[in-house]
Number of protein chains: 2
Amino acid sequence: MVSSLPPAAVDPASEGPAFSPLYQQIKTLITRSLQAGEWRPGEMIPSETELAARYKVSQGTVRKAIDALADENLVMRRQGKGTFVATHTEQKIQFRFLRLMADDGDTGNVTRRVIDCRRLRAPADVGRALELKTGDGVVQVRRVMLFRSVPVVLDDIWLPGHLFKGLTAERLSEYRGPMYGLFETEFGVRMIRAEEQLRAVAADPAAAELLNVKAGAPLLSVERLSRTYDDKPVELRRGLYNTEAHYYRNELS
Amino acid sequence: MVSSLPPAAVDPASEGPAFSPLYQQIKTLITRSLQAGEWRPGEMIPSETELAARYKVSQGTVRKAIDALADENLVMRRQGKGTFVATHTEQKIQFRFLRLMADDGDTGNVTRRVIDCRRLRAPADVGRALELKTGDGVVQVRRVMLFRSVPVVLDDIWLPGHLFKGLTAERLSEYRGPMYGLFETEFGVRMIRAEEQLRAVAADPAAAELLNVKAGAPLLSVERLSRTYDDKPVELRRGLYNTEAHYYRNELS
DNA sequence: GAGTGGTCTAGACCACTGA
DNA sequence: CAGTGGTCTAGACCACTCG
């Protein structure tokens, strides 16, 4: 009756994975290389056969690992060409993080205007969200996004100071394109995923003036916490969206 | 120089798939069976080996088809048990369509109160969204959702009349659990995916009274168009969310 | 122990890209 | 044309569930 049970030496009721498939381990290794910058954003990573040889596994196992990375938008596959490190400087990746659409469907020119950029000690709630130690410095940016020259979004952004040493209002203003592109190329910080909390709020006087609405007008508040590869938070953002002629689009499936 | 080109008999510059992998075709066949009700929600579908035999393909090809269906939440895989048709009557599937969270994380009791349920000709905008012919009938439902007995969501719902013949306020009130569960078990209509448009709006007097807020208070407006298997729209819903103590949660990746 | 989904392999071939 | 990712197969074995 009593059979030998060598693999179950630990408490079987305890939590824990106790088994990690090979392709998961390969995925972790590739993610580490991405994080370490072995391949830069936009660059091609080694072919599946190369990686299979490097890790001493079959091509199919590497394939499954890369499939998972592609699902998470860490890399992009292009048949016939190769697999490429995802980059925020690509046009087609824009609406992954900015879900605002114009009522008429027009995706006309987007411009950004920096209102303020300063360094300060992290306020308590910001420090908590960014998992900083009390007293750590942050960079605070306030900026407006304009669609066809009309202000629609007012963003307050907090960034860990130690990751964004040379960031100034000038650097931000000079840069054309999405802010995450600047973060990626200039500071090596890549936003991978984020959680957003949406609410309807009344415009305070300052926001009302910047967005050209009446004080008390309803605005969509979007609080976003962005994370990088290892799930460490690297940005807290509070946006106020004027949704009179735009809407936040979401797909449920 | 001139080689034979039998497979490219059509204009090569024209759009079109011109190639559909086997697993895609299998996926389509399985989806048809789901739509036809060959397996009911919650039931187990045939095993991978059975389906492979039925369709005369390898088990790996069936596997890839089912993987895609699982990604789209049409079926749920459970190792050691089988693959099951997704159902809205499961507790863990709730927050896929209701993204509202309480600030304190409490997911306490949710109750629903039907305010009104009537049949009428589809208003122009509703008919257009639901892709109905002018003059077609719709069922309109107005209801409130309460979290811990506090009204938080006011929903106006429009449904194609011909799909919901016996639907009355009584049927709605009697049913415990999410409305989509009732639609699925009583009317055979299954919501598969949806698009939502979010805005901040000011509460009108009627909504303000039902949600127990002041007129003009900011509310989150959520307009949802739900679709079934063949992407045909089957529900239009306009929700007003009081986000004073709740927020709409979204994940970006 | 039988049945299910999950992993891993090795190999063949197809579709796409670009030189 | 060579090189890439994409598909398909067949078979072996593993992990999980349940009677």
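Please read these numbers as outputs of a predicted model, since none were measured by experiment. Chain identifiers are assigned alphabetically (A, B, ...) following the order of the sequence lines, protein sequences preceding nucleic acid strands; residue numbering begins at 1 within each chain.
Among C/dC8, D/dG5, D/dT9, the nucleotide with an atom closest to any side-chain atom of A/Glu48 is D/dG5. For A/Lys64, the side-chain atoms get nearest to C/dT7 when compared with the rest of D/dT7, C/dT4, C/dT7. Across D/dT4, C/dG5, D/dG6, the shortest atom-to-atom separation from the side chain of A/Arg77 is found for D/dG6.
B/Phe84 carries B/Arg78 over the face of its six-membered ring, with the cationic atom under 6.0 Å from the centre and within 45° of the normal.
Residue B/Tyr55 contributes atom OH, which lies 19 Å from atom C1' of D/dT9 at whole-angstrom precision. As a whole-Å value, the separation of B/Asp67 CG from D/dC8 P is 13 Å. The CZ atom of B/Phe84 sits 11 Å away from the P atom of D/dT17 (whole-angstrom rounding). Counting to the nearest Å, the P atom of C/dG5 and the CG atom of B/Leu51 are 8 Å from each other. Here D/dG5 presents its P atom at 14 Å from CE of A/Met76, a figure rounded to the nearest Å. Here the P atom of nucleotide D/dA15 and the CD atom of A/Gln24 are 16 Å apart, to the nearest Å. Following rounding to the nearest Å, B/Gln25 (CD) and D/dC8 (P) show an atom-to-atom distance of 8 Å.
At the phosphate of D/dG5, OP1 or OP2 sits under 4.0 Å from a side-chain N or O atom of A/Thr83. Between A/Thr61 and C/dT7 there is no side-chain polar atom (N or O) within less than 4.0 angstrom of OP1 or OP2. Here B/Thr49 does not reach the OP1 or OP2 of C/dG3: none of its side-chain N or O atoms lies under 4.0 Å away. The phosphate of D/dC18 (OP1 or OP2) has a side-chain N or O of B/Lys81 nearer than 4.0 angstrom.
Under a 4.0 Å N-O distance rule, the pair A/Asp103/B/Arg199 qualifies as a salt bridge. Using a 4.0 Å cut-off between charged side-chain N and carboxylate O, A/Glu48 and A/Arg54 make no salt bridge. Between A/Arg148 and A/Asp104 a salt bridge is recorded (basic side-chain N to carboxylate O distance below 4.0 Å).
Residues that satisfy the side-chain hydrogen bond (donor to acceptor under 3.5 Å, both in side chains) test with A/Glu186, not counting sequence neighbours, are A/Arg171.
A side chain to side chain contact (heavy atoms under 4.5 Å, CB included) with A/Leu252 is found for one member of B/Met191, B/Glu196, B/Glu195 and no other, namely B/Glu196.
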Where do B/Tyr247 and B/Tyr241 land on the ring-ring contact (aromatic ring centres under 6.0 Å, His included) test, with the steps shown first? CA-CA 9 Å; B/Tyr247 60 91; B/Tyr241 298 8; over 10 Å; no
Please write out each protein N/O paired with an N/O of nucleotides 10-14 of chain D under 3.5 Å, distance rounded to 0.1 Å.
none

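Checking A/Arg63 against A/Gly80, the closest nucleotide of DNA chain D that is more toward the 5' end is the one next to A/Gly80.
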